[in-house]
Asker: 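Mind looking over this structure? Questions follow.
Since the structure is predicted, the reported quantities are computational estimates derived from the model, not experimental observations.
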There are 2 protein chains.
Amino acid sequence: MKILSFAEENYLKAVYHLSNAGELDVTTNSIAEEMDTKAASVSDMLRRLSEKEMVVYKKYQGVKISEKGKTAALQVIRKHRLWEVFLVEKLKFNWDQVHEIAEQLEHIKSPLLIQRLDDFLGHPKFDPHGDPIPDENGLFKEKPQVPLAEVEVSGDGIVVAVKDTNSMFLQHLDRIGIYLGAKTKVTEKVEFDGSMEILIDGKNKLFISKEVAENVLVTH
Amino acid sequence: MKILSFAEENYLKAVYHLSNAGELDVTTNSIAEEMDTKAASVSDMLRRLSEKEMVVYKKYQGVKISEKGKTAALQVIRKHRLWEVFLVEKLKFNWDQVHEIAEQLEHIKSPLLIQRLDDFLGHPKFDPHGDPIPDENGLFKEKPQVPLAEVEVSGDGIVVAVKDTNSMFLQHLDRIGIYLGAKTKVTEKVEFDGSMEILIDGKNKLFISKEVAENVLVTH
DNA sequence: AAATAAAATTAGATTAATCTAAAAAATATT
DNA sequence: AATATTTTTTAGATTAATCTAATTTTATTT
């Protein structure tokens with residue numbers, strides 16, 4: 001298999017994520033938005049990725065990731081998430097500081113390095129945001145995740161991930177006291193604006209907006 | 001200060017190393033050889049680095065690294081060597097496996113990452129090859145060189161120089177398998193005649209005389 | 001179904017990094 | 001000093017990745 005450039009790996013990751021986030025065919029514009037680039041650049045890159053058989057691309061019809069592409073994307077994601085674990089567990093970064101650095105580290109090419117890093121970290125199964133880490137074969141198990149917004153009153157769960165990983169949002173969560181692994185119980189839901197009252201770890205009462213409730217994922 | 005590309009950082013490193021390895025003006029060809037590229041590419045890159053004031057470049061006259069360039073080069077070298085320590089100390093790589101990987105890792109841009117890595121590693125002063133690690137300000141101390149004769153039993157080091165440079169002596173070293181950069185470990189010392197048993201690169205057992213031991217300089 | 005709007009692609013430029021081949025400058029040799 | 005050789009630079013191409021502007025295709029709306 002040919003080696004992919006940093007740019008190709010990034011586009012492939014975007015296609016993978018958008019594929020998983022629903023629609024059958026990923027649109028050019030959705031990729032452009034995700035990658036903060038222009039549609040023309042995306043068209044060009046899709047042509048190249050298609051030549052390398054990483055995606056199945058039909059002009060004007062959108063794009064689908066191929067098996068080959070999925071394998072490649074999952075290896076990049078594996079690297080990204082392992083590095084995030086390293087940064088948080090070993091280098092004492094906060095979970096909201098690691099994404100940008102992992103974006104760089106994920107492109108380092110050395111299978112042995114990743115194997116050793118995985119050993120060093122004790123074969124973690126989830127990254128600091130609760131996302132699963134694919135193994136060498138790209139296999140992983142999802143924790144079933146539900147947005148807090150969908151939990152009924154008196155239902156409880158454990159915070160396992162966030163949908164939106166932008167730094168401002170994570171800092172907000174930190175500030176109000178929501179963290180990975182926190183135990184949640186929905187105590188009240190307000191119909192008209194989607195906000196809710198919850199209990200963190202059975203003691204801290206919190207009021208959260210619809211936006212927060214939709215972006216905090218819990219298992220239950 | 002502007003951000004340098006990977007390629008620019010690599011050329012700058014080469015200029016820095018060649019500057020230190022002797023001559024006042026580094027030649028285009030020597031850079032081309034060091035970097036395994038063509039002279040035309042070097043000329044082009046020197047023009048660019050010169051525009052960024054990283055080097056002082058006069059056509060046909062060779063090039064000299066500037067203060068600005070030296071600072072930038074030393075930061076890359078600092079990163080390279082810290083990563084090498086990480087790979088050997090934490091990920092259990094052998095010292096001969098780490099260079100290629102560190103060549104990639106050295107280009108990761110995050111001052112905070114390097115600060116944290118340095119903390120995590122306990123502020124090492126030398127990399128696994130015995131080369132000094134510059135601090136945040138680019139300052140470093142060369143490792144003191146000690147004759148093998150003064151190393152204690154079980155102490156290891158790296159051959160960095162010879163005291164006696166006459167050809168017969170050097171030929172003798174060649175014959176018995178001692179070379180610049182060889183990893184040494186003293187396994188036994190004989191009191192009455194100053195001879196010793198050493199291990200080269202962890203595998204070749206050698207008996208050397210007092211004369212040899214006094215003239216081979218190692219860092220440790 | 002024709003007109004309009006939106007989405008996607010192509011055309012044409014630009015920048016970085018590289019190359020080969022040709023030209024220019026510096027060095028070495030007769 | 002004139003010539004030959006080596007070194008270095010420039011000229012001109014190429015590839016990857018990007019952009020803006022123009023065009024084409026698809027979708028939507030009257």
Asker: Can the positive tip of A/Arg116 be found less than 6.0 Å from the middle of the six-membered ring of B/Phe93, inside 45° of the ring normal?
Answerer: yes
Asker: Rounded to the Å, how far apart are B/Arg47 CZ and D/dA11 P?
Answerer: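 After rounding, the reported distance stands at 11 Å.
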Asker: Return the value, rounded to whole Å, for the distance between atom CG of B/Asp25 and atom C1' of D/dT7.
Answerer: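 Result: 13 Å.
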Asker: Roughly how many Å is it from OH in B/Tyr60 to P in C/dA28, rounded to a whole number?
Answerer: 17 Å
Asker: Using 30° and 60° as the class limits, which term best fits the ring planes of A/His107 and A/Phe6: parallel, tilted or perpendicular?
Answerer: parallel
Asker: To the nearest angstrom, how far is B/Asp44 atom CG from C/dT15 atom P?
Answerer: 14 Å
Asker: What's the closest nucleotide to the A/Ser41 side chain, out of D/dT18, C/dT18, D/dT8?
Answerer: D/dT18
Asker: Do the side-chain N or O atoms of A/Ser43 get closer than 4.0 angstrom to the phosphate oxygens (OP1, OP2) of C/dT10?
Answerer: no
Asker: In whole angstrom, what separates B/Leu49's CG from C/dA16's P?
Answerer: 12 Å
Asker: What nucleotide, of C/dA17, D/dT20, C/dT18, holds the atom closest to the side chain of A/Ala40?
Answerer: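 Among the listed nucleotides, the one closest to the side chain of A/Ala40 is D/dT20.
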Asker: Could you work out which one of C/dT18, D/dT7, D/dT20 sits closest to the side chain of B/Met45?
Answerer: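 Nearest nucleotide to the side chain: C/dT18.
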Asker: State whether B/Lys59 places a side-chain N or O below 4.0 Å from either non-bridging phosphate oxygen (OP1 or OP2) of D/dT10.
Answerer: yes
Asker: In terms of side-chain heavy atoms of A/Ser5, which of D/dA17, D/dT9, C/dT9 is nearest?
Answerer: D/dA17
Asker: Tell me the interatomic distance from B/Glu33, atom CD, to D/dT7, atom C1', rounded to whole angstroms.
Answerer: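 Answer to the nearest Å: 14 Å.
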Asker: Does A/Asn29 have a side-chain nitrogen or oxygen under 4.0 Å from the phosphate oxygens OP1 or OP2 of C/dA6?
Answerer: no
Asker: Among D/dT9, C/dT18, C/dA8, which is the nearest nucleotide to the side chain of A/Thr28?
Answerer: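 Looking only at side-chain atoms, A/Thr28 lies closest to C/dA8.
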Asker: Please report the closest heavy-atom contact between A/Ser66 and A/Glu53, naming both atoms and the distance.
Answerer: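 The pair with the smallest heavy-atom distance is OG-O, 2.8 Å.
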Asker: Using atom CD1 of B/Ile31 as one end and atom P of C/dT18 as the other, report the distance to the nearest whole Å.
Answerer: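 In whole Å, C/dT18 P lies 13 Å from B/Ile31 CD1.
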Asker: Between C/dA17, D/dT20, C/dA26, which nucleotide has the shortest distance from any of its atoms to the side chain of B/Gln61?
Answerer: C/dA26
Asker: Does a side-chain N or O from B/Tyr11 land closer than 4.0 Å to OP1 or OP2 of C/dT18, or not?
Answerer: yes
Asker: Any Lys/Arg nitrogen of B/Glu103 or B/Lys13 sitting under 4.0 Å from an Asp/Glu carboxylate oxygen of the other?
Answerer: yes
Asker: Classify the ring geometry of B/Phe86 against A/Phe120: parallel below 30°, tilted from 30° to 60°, perpendicular beyond 60°.
Answerer: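 If you compare the ring of B/Phe86 with that of A/Phe120, the planes turn out perpendicular.
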Asker: Give the residues of residues 101-110 of chain A touching DNA chain D, defined as any heavy atom closer than 4.0 Å, sorted by residue number.
Answerer: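 Output list: empty, so none.
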Asker: Which part of the nucleic acid, if any, lies within reach of A/Phe6 when heavy atoms closer than 4.0 Å are counted: base, sugar-phosphate only, or nothing?
Answerer: nothing
Asker: Between B/Lys109 and B/Glu9, does any side-chain N to carboxylate O distance fall below 4.0 Å?
Answerer: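 Yes, this pair counts.
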Asker: How close do B/Pro134 and B/Phe140 get, heavy atom to heavy atom, and via which atoms?
Answerer: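 Shortest heavy-atom contact: CA-CB, 3.7 Å.
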Asker: With a 6.0 Å cut-off on ring centres, are A/His99 and A/His129 close enough?
Answerer: no
Asker: For a quick test of reading the model: is some side-chain N or O of B/Thr27 closer than 4.0 Å to OP1 or OP2 of D/dT7?
Answerer: no
Asker: Side-chain donor-acceptor pair under 3.5 Å between A/Gln171 and A/Ser167, yes or no?
Answerer: yes
Asker: Under 4.0 Å: is that the gap between some side-chain N or O of B/Thr37 and OP1 or OP2 of C/dT18?
Answerer: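 B/Thr37 to C/dT18 OP1/OP2: no side-chain N or O under 4.0 Å.
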Asker: Start at the 5' end of DNA chain D and walk down; is the nucleotide closest to A/Lys52 or to A/Ala39 reached first?
Answerer: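 This one resolves to A/Lys52.
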Asker: Kindly say if B/Lys38 contacts the phosphate of C/dT18, meaning a side-chain N or O under 4.0 Å from OP1 or OP2.
Answerer: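 So the side chain of B/Lys38 is outside the cut-off, no N or O lying under 4.0 Å from OP1 or OP2 of C/dT18.
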Asker: B/Arg48 has a side chain; which of C/dT9, C/dT18, D/dC19 sits nearest to it?
Answerer: C/dT18
Asker: Rounded to whole angstrom units, what separation is found between the CE atom of B/Met35 and the C1' atom of C/dC19?
Answerer: 15 Å
